[in-house]
Structures are given as structure tokens and as C-alpha cells.
Amino acid sequence: MGIEKGRRGLVEDLIEKAGGCAVVDGGFATQLEKHGAAINDSLWSAARLIKDPDLIKLVHMEYLEAGADILVTSSYQATIPGFLSRGLSIEESELLLKKSVKLAVDVRDKFWDAKNRISGHGYNRALVAASIGSYGAYLADGSEYSGRYGPHVDLDKLKDFHRRRLQVLVEAGPDLLAFETIPNKLEAQACVELLEEENIQIPSWICFSSVDGENAPSGESFKECLDIVNKSDIVSAVGINCAPPHFIQGLVQKFKLLTEKVIVVYPNSGEVWDATAKRWLPSKCFDDEKFKLFAMRWRDSGAKLIGGCCRTTPSTIRAICKVLKEKTAPP
Ligand SMILES: C[S+](C)CC[C@H](N)C(=O)O
Ligand SMILES: N[C@@H](CCS)C(=O)O
Ligand SMILES: [Zn+2]
């Protein structure tokens with residue numbers, strides 16, 4: 001079982017067009033908040049899918065203007081059980097999942113149509129990656145940063161949790177799938193097995209979080225985690241998201257030794273999430289200038305998809321584009 005040839009090259013083609021390194025957008029939820037959206041909610045940014053589609057479109061547009069080559073959709077914490085708990089029906093919940101992809105695709109198409117009328121604009125046609133947050137994200141208890149799901153959560157439970165959302169998101173027609181903040185080996189295995197079982201024909205990446213810069217949050221080694229991901233041809237890229245930036249260079253070097261897949265990194269600003277208070281704690285935090293320096297190091301260490309996660313903004317993405325696409329960066 002594998003991805004048909006024409007689709008498998010999509011990510012690699014984008015990387016080549018972008019000059020060897022493509023830029024993933026930044027903290028979608030962070031930019032929503034900058035516009036005043038309240039997301040201290042168990043659905044987190046997905047709460048805005050119910051109420052604020054125009055704001056979601058604006059944020060996607062801002063990341064495109066900043067030069068993002070890949071837009072990650074608003075579905076990180078959008079799940080069918082999460083929406084059901086708000087009194088929505090299954091049909092309404094599935095429509096919201098599809099809407100998360102459609103909003104991003106529509107904005108990408110509008111942006112690209114407009115840019116195509118101008119010569120030498122320096123942008124690439126962006127890809128839309130449907131965000132699939134971990135089970136811990138859905139739990140809304142911070143466990144995407146601990147990997148502690150408890151003894152009752154086994155492989156089948158994780159596959160059952162991910163299955164329907166995955167099917168619905170794929171039906172909506174994204175270019176790729178972005179599994180985000182996976183905190184342990186078991187969930188990586190669930191994602192890989194599900195992609196195979198569902199015979200998914202679009203590329204995907206699996207990104208882990210990390211809180212010590214060495215291992216997955218569960219304490220399991222990345223060797224164990226990547227051994228699972230490597231077994232599958234269906235996963236195009238593997239990496240780290242929403243970990244502090246100063247861990248990333250070492251992790252890229254480690255991943256280079258553990259996998260031949262494309263390496264994707266999009267760390268947060270270095271701040272720490274307080275899942276009880278639902279806010280970011282002030283802590284060691286890296287600004288856009290630091291991201292410029294780091295991004296070059298991550299590229300030189302072998303990462304080919306680079307961006308920002310929580311607490312980074314379009315200005316971070318603009319800064320990363322400036323250094324990674326020196327000759328072709330958009331204005
Ligand atoms: C990427 S984290 C900051 C998203 C929010 C988290 N899952 C929570 O609900 O607490
Ligand atoms: N891509 C997500 C965050 C993952 S931690 C978002 O910003 O909605
Ligand atoms: Zn994040």
C-alpha cells in the first residue's frame with residue numbers, strides 16, 4: 001500500500017520550488033488571539049470555527065502574505081466528540097471539519113489567483129495541510145506535552161479517536177495531513193496504522209512535541225518513535241512542533257541519524273502552556289531575530305520544512321522567509 005506517484009512528490013516539489021526549504025505557517029491560534037479572539041476554551045482555536053470563519057480566513061491570508069508555503073488548518077482541536085459536547089450534531093460536526101479545510105483552500109486559491117497576475121511576486125502556490133491534533137489536544141489537559149494518557153488508552157482507542165476525523169478531513173480535499181504534537185510512541189503507531197488501513201493517498205507529516213529536547217514527552221526515545229514512522233512509506237515527513245526553539249537544532253541532528261524522511265520543524269516561542277489556566281506562562285522566549293538565526297541552523301542541520309508554532313506570528317514567518325529564501329523572498 002502506498003501513495004500514488006504523482007501525489008508523493010507534492011511536498012518535495014514545493015521544497016524544490018522554495019529553493020531547498022519550504023516555510024510552514026506559524027501559530028494559527030496565536031494570530032487569532034492577536035485579533036482579539038477568545039480561545040481559552042476546551043475546543044481552543046476550534047471554537048472559532050463555529051463562530052468566526054471570516055477571522056480564520058483573515059489569519060490564513062496574513063500567513064500567506066508573510067510568505068508561508070504551507071498553511072496549517074484550524075482543525076487542531078476540532079473533533080467530533082468535542083463538537084458533540086457543545087450540542088452540535090454529528091452532521092454539523094463533520095461539516096465544521098470540512099469547513100476548516102475549505103476555508104484554507106479558498107484563501108489559498110484567492111491569494112494565488114491574485115498573485116499570478118503580477119510578475120516576479122516571489123510567492124509559491126501554498127499547500128494546505130489539514131491539522132490533526134493529538135488525543136492529548138482533545139483532552140485539553142496539557143497531555144500533548146506529557147504523553148500520559150493513562151492505562152485505559154490503548155492502540156485501538158487512539159485509532160478509534162482519530163479515524164472518523166481523518167476520513168472527513170481527507171474527503172474535504174487538503175493537499176496533505178499534519179499530525180501535530182504527538183507525545184508518545186503509541187499515538188504515532190495509531191496514526192501510521194490508520195493511514196495504512198484507510199489507504200490514504202495524500203502525503204502526511206507526523207510531528208512530535210518534546211519537553212526535554214531529547215525524547216518524546218512520554219520519555220520514550222525518538223529512536224523508538226521514528227522506528228515506527230520509518231516502517232511506513234505513507235508518511236512523507238517527520239519532525240517536531242510546539243517545542244522550545246533552543247531544542248530544535250539538536251533534535252534535527254538526531255532525526256537526521258534516525259530517518260531518511262523529510263524533516264519538518266516548527267517550534268513555539270519557548271513559552272510554556274498552563275493547561276489549567278489555559279494561558280501561556282511567561283518564560284524564556286525567543287523573538288523573530290532569534291528565529292532568523294535558528295532557522296538557518298535548522299536548515300543547515302537538514303530540516304526542509306521550517307516554521308513556527310504557538311506564540312509565533314506572521315512577522316516570525318516573514319523573518320524566517322527572509323533568511324531562508326534570500327533571493328526569492330516575498331516583500
Ligand atoms: C497547543 S496547546 C497550547 C492547545 C491547547 C491545549 N490542548 C488545551 O486545551 O489546553
Ligand atoms: N497548529 C496549531 C497549534 C499546534 S500546537 C494551531 O495553531 O492551531
Ligand atoms: Zn503549538
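Both ligands and their constituent atoms are indexed starting at 1 by order of listing.
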Determine, step by step, whether Val323 and Phe291 satisfy the side-chain contact (heavy atoms from CB on, under 4.5 Å) criterion, reporting the C-alpha distance in whole Å, the side-chain angles of both residues, the deciding distance to 0.1 Å, and the verdict.
CA-CA 10 Å; Val323 292; Phe291 260 84; over 6 Å; no
Region of Tyr138 engaging ligand 1 - heavy atom pairs below 4.0 Å
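Neither; nothing of Tyr138 gets under 4.0 Å from ligand 1.
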So if I only count non-hydrogen atoms and take anything under 4.0 Å from ligand 2, which residues does that give, chain by chain?
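Shell around ligand 2 (4.0 Å, heavy atoms): Gly27, Phe28, Ala29, Trp44, Ser45, Tyr76, Glu180, Thr181, Asn241, Cys242, Cys309, Cys310.
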Donor-acceptor under 3.5 Å ([X] side chain, [Y] main chain):
{"X": "Tyr149", "Y": "Gly136", "answer": "yes"}
{"X": "Glu187", "Y": "Tyr135", "answer": "yes"}
{"X": "Lys278", "Y": "Ala140", "answer": "yes"}
{"X": "Ser143", "Y": "Ser146", "answer": "no"}

At less than 4.0 angstrom from any non-hydrogen atom of [X], what atoms of ligand 1 do you find?
{"X": "Lys278", "value": "8 (C), 9 (O), 10 (O)"}
{"X": "Tyr76", "value": "1 (C), 4 (C)"}
{"X": "Glu144", "value": "1 (C), 2 (S), 4 (C), 6 (C), 7 (N)"}

Under 3.5 Å between any N/O of [X] and any N/O of ligand 1: does that happen in this structure?
{"X": "Trp280", "answer": "no"}
{"X": "Asp141", "answer": "no"}
{"X": "Tyr145", "answer": "no"}

Verify the neighbour count for atom NZ of Lys57: are there more than 12 heavy atoms of other residues, nucleotides or ligands below 6.0 Å?
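At most 12 heavy atoms, drawn from other residues, nucleotides or ligands, come within 6.0 Å of this atom.
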Among the protein atoms near the Zn ion (ligand 3), how many are N, O or S and lie under 2.8 Å away?
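Considering protein N, O and S only, the Zn ion (ligand 3) has 3 within range.
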Please output the side-chain donor-acceptor pairs of residues 105-116 that fall under 3.5 Å, not counting sequence neighbours, one pair per line with the distance.
from, atom 1, to, atom 2, distance (Å)
Asp106, OD2, Lys102, NZ, 2.7
Arg108, NH1, Ala126, O, 2.7
Arg108, NH1, Asp175, OD2, 3.0

Measure the CD-CD distance between Gln167 and Glu171 for me, rounded to the nearest 0.5 Å.
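Reported to 0.5 Å precision, the distance equals 7.0 Å.
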Nearest protein heavy atom to atom 5 (C) of ligand 1, by residue and atom, and its distance?
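Protein heavy atom with the smallest distance to atom 5 (C) of ligand 1: Gln77 OE1, 3.5 Å.
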With sequence neighbours left out, write down each residue that passes salt bridge (Lys or Arg N to Asp or Glu O under 4.0 Å) with Asp41, or none if nothing qualifies.
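Partners of Asp41 under the salt bridge (Lys or Arg N to Asp or Glu O under 4.0 Å) test: Arg86.
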Electrostatic pair Asp227-Lys231, nearest N-O below 4.0 angstrom
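Here Asp227 does not pair with Lys231 in a salt bridge, since their nearest N and O are not under 4.0 Å apart.
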Do Glu92 and Leu96 come within less than 4.5 Å of each other through their side chains, counting heavy atoms only?
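No, too far: nothing below the 4.5 Å cut-off.
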Test salt bridge (charged side-chain N to carboxylate O under 4.0 Å, His left out) on Arg318 and Glu65; report intermediate values, then the result.
CA-CA 8 Å; Arg318 203 174 286 278; Glu65 292 281 2; 5.7 Å; no
Are Tyr76 and Phe28, when compared by the centres of their aromatic rings, separated by less than 6.0 Å?
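Between Phe28 and Tyr76, which both carry aromatic rings, the centre distance is not below 6.0 Å.
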